[in-house]
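Quick caveat, the model's predicted, so the values are computed rather than measured.
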Amino acid sequence: MNRKDLLNDFYVTKNYNKLKDILNDSTIASEKEILARIHLEEKNYKAASEIYKDLGMTYEYGRCELLLGHYDITAELWNSIKEDSPPVMWGKSLLEFINLYVIHIPTFFQIRAFLEVDFDALLNAKMISYCENIANGAHLFAQNNQESYKFIGRVFVNNGYFDLAELFLNRAKDICYVDPEVHFLLAKCYINSNDTKKAKEALLTSIEKGYGYYPAKKLLEKLKLS
């Protein structure tokens with residue numbers, strides 16, 4: 001299978017069963033890595049972990065172990081990595097948040113690149129206690145990146161935790177009222193609680209602050225609230 005078709009099946013058509021049949025016996029590292037990512041998408045963290053371990057991809061191996069709830073294994077793996085790459089530095093900081101003993105607050109760009117992705121992954125892996133500890137450290141993340149409340153709130157919205165999302169998004173609104181996406185996400189929370197009045201107000205604010213923010217306009221038209 002050529003690389004172009006492989007990537008098309010992974011990213012575009014998401015034909016995972018076909019790819020697994022093709023890649024299970026592959027000895028090519030780049031193809032095994034795609035197979036590991038398929039297992040991650042399907043929440044088969046153990047299978048992904050084994051592939052990353054065999055490939056010597058220590059950071060990714062440790063991340064899978066974290067999604068399995070194996071905090072100590074992840075800490076050992078990540079602490080064994082000597083390079084100070086952004087993912088590694090982020091990962092070590094993330095463990096501090098999970099352990100409720102934060103010494104190193106991630107940088108603006110680390111938070112922007114990794115917080116939402118990893119928080120969503122942990123929530124989908126049902127690592128609820130980890131997520132609680134991370135969310136409780138939002139004020140620390142916000143010291144270096146004020147969008148942190150929005151990132152966490154957006155994950156809660158996308159996973160249907162609207163009550164929790166509203167708490168974080170209201171904090172985000174207090175910090176950056178002019179961000180149209182914050183109001184748009186809050187509108188989704190109000191819609192979930194059947195508060196059409198507040199939903200309309202939030203969507204109109206989103207459109208105003210976002211100079212015609214299209215997602216808000218589209219949702220307003222869909223709900224026939226305009």
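Side chains of Y59 and Y52 form no contact here, defined as non-hydrogen atoms less than 4.5 Å apart. Under the 4.5 Å side-chain criterion, counting only non-hydrogen atoms from C-beta, W78 is not in contact with Y61. In this structure, F141 and P106 have side chains that are in contact, with non-hydrogen atoms separated by less than 4.5 Å. In this structure the side chain of L68 reaches within 4.5 angstrom of the side chain of E65, judged on heavy atoms. Using a 4.5 Å heavy-atom threshold, the side chains of K92 and H104 count as separate. Within the 4.5 Å cutoff, no side-chain heavy atoms of L6 are placed close to those of N2. Between L220 and K222, every side-chain heavy-atom pair lies at or beyond the 4.5 Å cut-off.
Distance check: E42 CD to N17 CG gives 6.5 Å after rounding to the nearest 0.5 Å. Atom CD in E201 sits 8.0 Å away from atom CG in L204 (nearest 0.5 Å). Annotation: the span from L94 atom CG to I111 atom CD1 amounts to 11.0 Å, rounded to 0.5 Å. Atoms NZ and NE2, on K46 and H70 in that order, are 9.5 Å from each other to the nearest 0.5 Å. The line from CD1 of I98 to CG of L66 is 4.5 Å long, rounded to the nearest 0.5 Å. Here the CG atom belonging to L23 is positioned 11.5 Å from the CD atom belonging to E33, to the nearest 0.5 angstrom.
At a threshold of 4.0 Å, the pair D118-R63 counts as salt-bridged, since one of the basic side-chain nitrogens sits closer than that to a carboxylate oxygen. Taking a cutoff of 4.0 Å between a charged side-chain nitrogen and a carboxylate oxygen, D179 and K209 do not qualify as a salt bridge.
Taking K173 as the reference, N170, Y177, V182, H183, L186 meet the side chain to side chain contact (heavy atoms under 4.5 Å, CB included) condition, with sequence neighbours excluded. In this structure S129 satisfies the side chain to side chain contact (heavy atoms under 4.5 Å, CB included) test with no other residue, sequence neighbours excluded. Contacts of S30 classified as side chain to side chain contact (heavy atoms under 4.5 Å, CB included), with partners at least two apart in sequence or in another chain: R3, I28. A search for side chain to side chain contact (heavy atoms under 4.5 Å, CB included) contacts involving L123 returns I128, C131, V155, F156, N159, Y161, not counting sequence neighbours.
In the hydrophobic clustering, I103 connects to Y101, either directly or through intervening members, whenever side-chain heavy atoms lie under 4.5 Å apart. Hydrophobic clustering, defined by side-chain heavy atoms of Ile, Leu, Val, Met, Phe, Trp and Tyr closer than 4.5 Å, leaves Y211 isolated from every other such residue.
For N133 and N136, the side-chain atoms include no donor-acceptor pair closer than 3.5 Å.
For E76, the CD atom counts as loosely surrounded, since its 6.0 Å shell holds 12 or fewer non-hydrogen atoms of other residues, nucleotides or ligands.
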